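Only one structure is covered here, and it is reproduced in the block below.
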Amino acid sequence: MRQEDVFQKLRDLAEETPVTRPLPTAADIEAAERVLDVMFPLSYRAFLLELSNVSVGTYEPLIPNIGWRFLDLLTNVMELRRTGLPTTLIPFVVNNGDAFCFDVESGGPEYAVVLWAHDGPSVIPRCPDFLSWIEQEWISPTAWIREDEW
């Protein structure tokens, strides 16, 4: 599915919230890339600039420099690295201590997405790229069904 179509699905599913998160600026994103010494996938950069303030389901994306510590990208990267997150993984969503991450060793510009399990720690391949992750893990009708509910 094309980026515009995936982004439109996110817009359509967006839930109203009492407070809307601010969007990062291009300068915020570039600063985070410099600190992490990585270029984010183009689809992720576009998502950050256009849609990182939407609320859909239970996942909340990490965002560079918005002033909300619990969702701040760099704060979460540093905290996760202290608990064992490899430097080759860049998290973009943290969920119960686990993190969906870009695997920068997978080759770019659209890195593969893996799930880093903090209690292993282990790395579980999930999707070939960020847009696939949005479709399969975030906005899929079954993405929020827990295994014990099947």
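The structure presented is a predicted model; accordingly, all values stated were derived computationally and were not measured.
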Can you tell me how far [atom2] of [Y] sits from [atom1] of [X], rounded to the nearest 0.5 angstrom?
| X | Y | atom1 | atom2 | value |
| --- | --- | --- | --- | --- |
| D72 | E79 | CG | CD | 9.0 Å |
| K9 | L131 | NZ | CG | 12.0 Å |
| F100 | I134 | CZ | CD1 | 12.0 Å |
| L10 | L51 | CG | CG | 6.0 Å |
| I63 | L23 | CD1 | CG | 7.5 Å |
| I90 | L85 | CD1 | CG | 7.5 Å |

With sequence neighbours excluded, tell me which residues meet salt bridge (Lys or Arg N to Asp or Glu O under 4.0 Å) with R11. E50
So which of F102, Y111, F40 actually passes side chain to side chain contact (heavy atoms under 4.5 Å, CB included) with F130? F102
For the student: nearest non-hydrogen atoms of [X] and [Y], plus distance:
| X | Y | result |
| --- | --- | --- |
| R126 | Q136 | O-OE1, 4.2 Å |
| V114 | P125 | CG1-CA, 4.0 Å |
| V94 | G97 | CG1-N, 4.2 Å |
| P61 | S52 | CG-O, 3.7 Å |

Between [Y] and [X], is there a side-chain heavy-atom distance shorter than 4.5 Å?
| X | Y | answer |
| --- | --- | --- |
| F92 | V113 | yes |
| L73 | P24 | no |
| P109 | P41 | no |
| N53 | P22 | no |

Quick check on the hydrophobic clustering: are L49 and V38 connected, directly or via other members, by side-chain heavy-atom contacts under 4.5 Å? yes
Which residue pairs pass the side-chain hydrogen bond (donor to acceptor under 3.5 Å, both in side chains) test with at least one member in residues 91-107, sequence neighbours excluded? D98-H118
Does anything in residues 35-49 pair up under side-chain hydrogen bond (donor to acceptor under 3.5 Å, both in side chains), and if so which pairs, sequence neighbours excluded? E33-R45, S43-E110
Just jot down the side-chain contact (heavy atoms from CB on, under 4.5 Å) partners of [X], sequence neighbours excluded, or say none.
| X | result |
| --- | --- |
| V35 | L74, M78 |
| P86 | T88, L89, W116 |
| T25 | A27, D28 |

Apply side chain to side chain contact (heavy atoms under 4.5 Å, CB included) to W133 and V93, showing your working. CA-CA 11 Å; W133 178 84; V93 166; 3.8 Å; yes
